[in-house]
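Written out below as structure tokens is the structure these notes cover.
Order of the sequence lines sets the chain letters (A, B, ...), proteins ahead of strands, with each chain counted from 1.
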2 protein chains.
Amino acid sequence: METLRERKKQRTRDALLRAAVELFTSRGYERTTVDEIAAAVDVSQRTFFRYFAGKDEAALALVEMTVERFVEAVRARPPHEPPMEALRQAVLDGWDSINEVVESVVPVERYLRMYRVIESTPVLLAAHLRRSVEVEEDLARVVAEREGLDLDADPRPRLAVAVFSGVMRATERQWSTDPDFGLDRIRALTSLYLDGVGPALLGDWRGA
Amino acid sequence: METLRERKKQRTRDALLRAAVELFTSRGYERTTVDEIAAAVDVSQRTFFRYFAGKDEAALALVEMTVERFVEAVRARPPHEPPMEALRQAVLDGWDSINEVVESVVPVERYLRMYRVIESTPVLLAAHLRRSVEVEEDLARVVAEREGLDLDADPRPRLAVAVFSGVMRATERQWSTDPDFGLDRIRALTSLYLDGVGPALLGDWRGA
DNA sequence: AGGTTAGTGACAGCCACTGACAATTGACAA
DNA sequence: TTGTCAATTGTCAGTGGCTGTCACTAACCT
């Protein structure tokens, strides 16, 4: 059982996160001040910065939860799976179980709306991409370990991850401007784009 | 012939850019204030912001010059070349002619040092990655046009560009931590990584 | 030469963020 | 319980990036 202090902290953090997401998705990121978020939870601005290193961290916190879960999922894939297959399955499974990860803080729908705010807000997109670089490094390590390779000697783990991440980014970007909001659409796009990599790398595009 | 006013403006901008790069590469980006840059050129802080939308823009301005040139180079590649080949040649040619693009502002060596500052400064890396997203969109358009395809109907242009950009990012990242500073090293890594994409995508990595 | 326009400096102000210190509140033992 | 310690929070003051405004000067144009 958790101590009262810890529960209180958790509640404050959740409240701040909820308020932030609420404001970001309605009013927009830039047009929301940290003071407003703090005021909505009735804490001081200083307290906000004790829970989040910056305004952007609050905006990315939800996605961060799912990203961490994704990396774990890759690590947990059966070792005999080829790298790209393991990555693919981990993402798709991630979208299937997104609700379980997020529902304790916000409903899935709000998560998706926040995702679109990130994608359409330059500073947030930038922060998101920067974080992705770190994730890629983690993934490369996982892949190298799965295949029993030395990350510094063999470029393939990093390359596979780079290609995969590039495709995922293209998918996110496409989805974020798609009129169809739903999870099914993301799943479909993910599969479609991953299947498209092979054909796209072929020299001759006339045969499709 | 340019007007005096325009020449003066150009000189002010160049001076600001030079001072900024000088300070960023020596003192570091975060530890350099806009006031210091402005003071080094003896203009007001306000004037700095009339030339650069933000401190980061001054830090990315050099790379921006080469990026624009790169996109043009892709556009100018012979139409019969497959997309990935055109992209590859354009990058490699870009590194060959980097000096011509940059020398009017700073020596190449300083350009390369600035590149490393970007790569190692979180906020700059973030801004750089965000800009790359826009570049990818431009490239996708160029590729689609070259191949006579509709960008909204066929995912292959975006995919090819996404894969290419992913690999380029991995290359940059690798180079930025390499003890070898030189241009040759970048060229070698670029070729190596591009050649590695095929093998990395294969299911079975045991055969190499 | 004289009116017009572009570029600049000075100033005031917003907002994100940080350090320091004091006040409060929960944890835990006597 | 109660007193002590430690964690959490609020307050305050300050820095740095960035913007709007306005008056002033220098370049342009006829």
Name the residue closer to the 5' end of DNA chain C, choosing between B:Asp42 and B:Arg5 according to the nucleotide with the nearest heavy atom.
B:Arg5
Of the options C:dG9, C:dT18, D:dT19, whose atoms approach the side-chain atoms of B:Gln45 most closely?
D:dT19
Would you indicate which nucleotide in C:dA20, D:dA26, C:dA27 comes nearest to any side-chain atom of B:Lys8?
D:dA26
Any N or O donor-acceptor pair linking the side chain of [X] to the base of [N] at under 3.5 Å?
X       : N      : value
B:Arg50 : D:dT19 : no
A:Arg7  : C:dG26 : no
A:Arg46 : C:dG19 : yes

Should B:Glu136 and A:Arg173 count as an ion pair when the cut-off is N to O under 4.0 Å?
no
Separation of atom [atom1] in [X] from atom [atom2] in [N], rounded to whole Å:
X       : N      : atom1 : atom2 : answer
A:Gln10 : D:dA7  : CD    : C1'   : 16 Å
A:Glu57 : C:dA16 : CD    : C1'   : 14 Å
B:Lys55 : C:dA16 : NZ    : P     : 18 Å
A:Leu4  : D:dT8  : CG    : C1'   : 12 Å
A:Glu30 : C:dA16 : CD    : C1'   : 12 Å
B:Ile37 : D:dC18 : CD1   : C1'   : 13 Å
A:Arg27 : C:dC15 : CZ    : P     : 12 Å
B:Phe49 : C:dG9  : CZ    : C1'   : 15 Å

Looking just at side-chain N and O atoms, do [X] and [Y] make a donor-acceptor pair shorter than 3.5 Å?
X        : Y        : value
A:Ser132 : A:Arg169 : no
B:Gln10  : B:Glu6   : no
A:Gln174 : A:Asp178 : no

Aromatic ring pairing B:Tyr115/B:His128, orientation class (parallel under 30°, perpendicular over 60°, tilted between)
perpendicular
Side-chain N or O of [X] versus OP1/OP2 of [N]: is the shortest distance under 4.0 Å?
X       : N     : value
B:Thr12 : C:dT8 : yes
B:Tyr51 : C:dT8 : yes
A:Ser44 : D:dT9 : no
A:Lys9  : D:dA7 : no

Residue whose nearest DNA chain D nucleotide is more 5′ - A:Glu6 or B:Phe48
A:Glu6
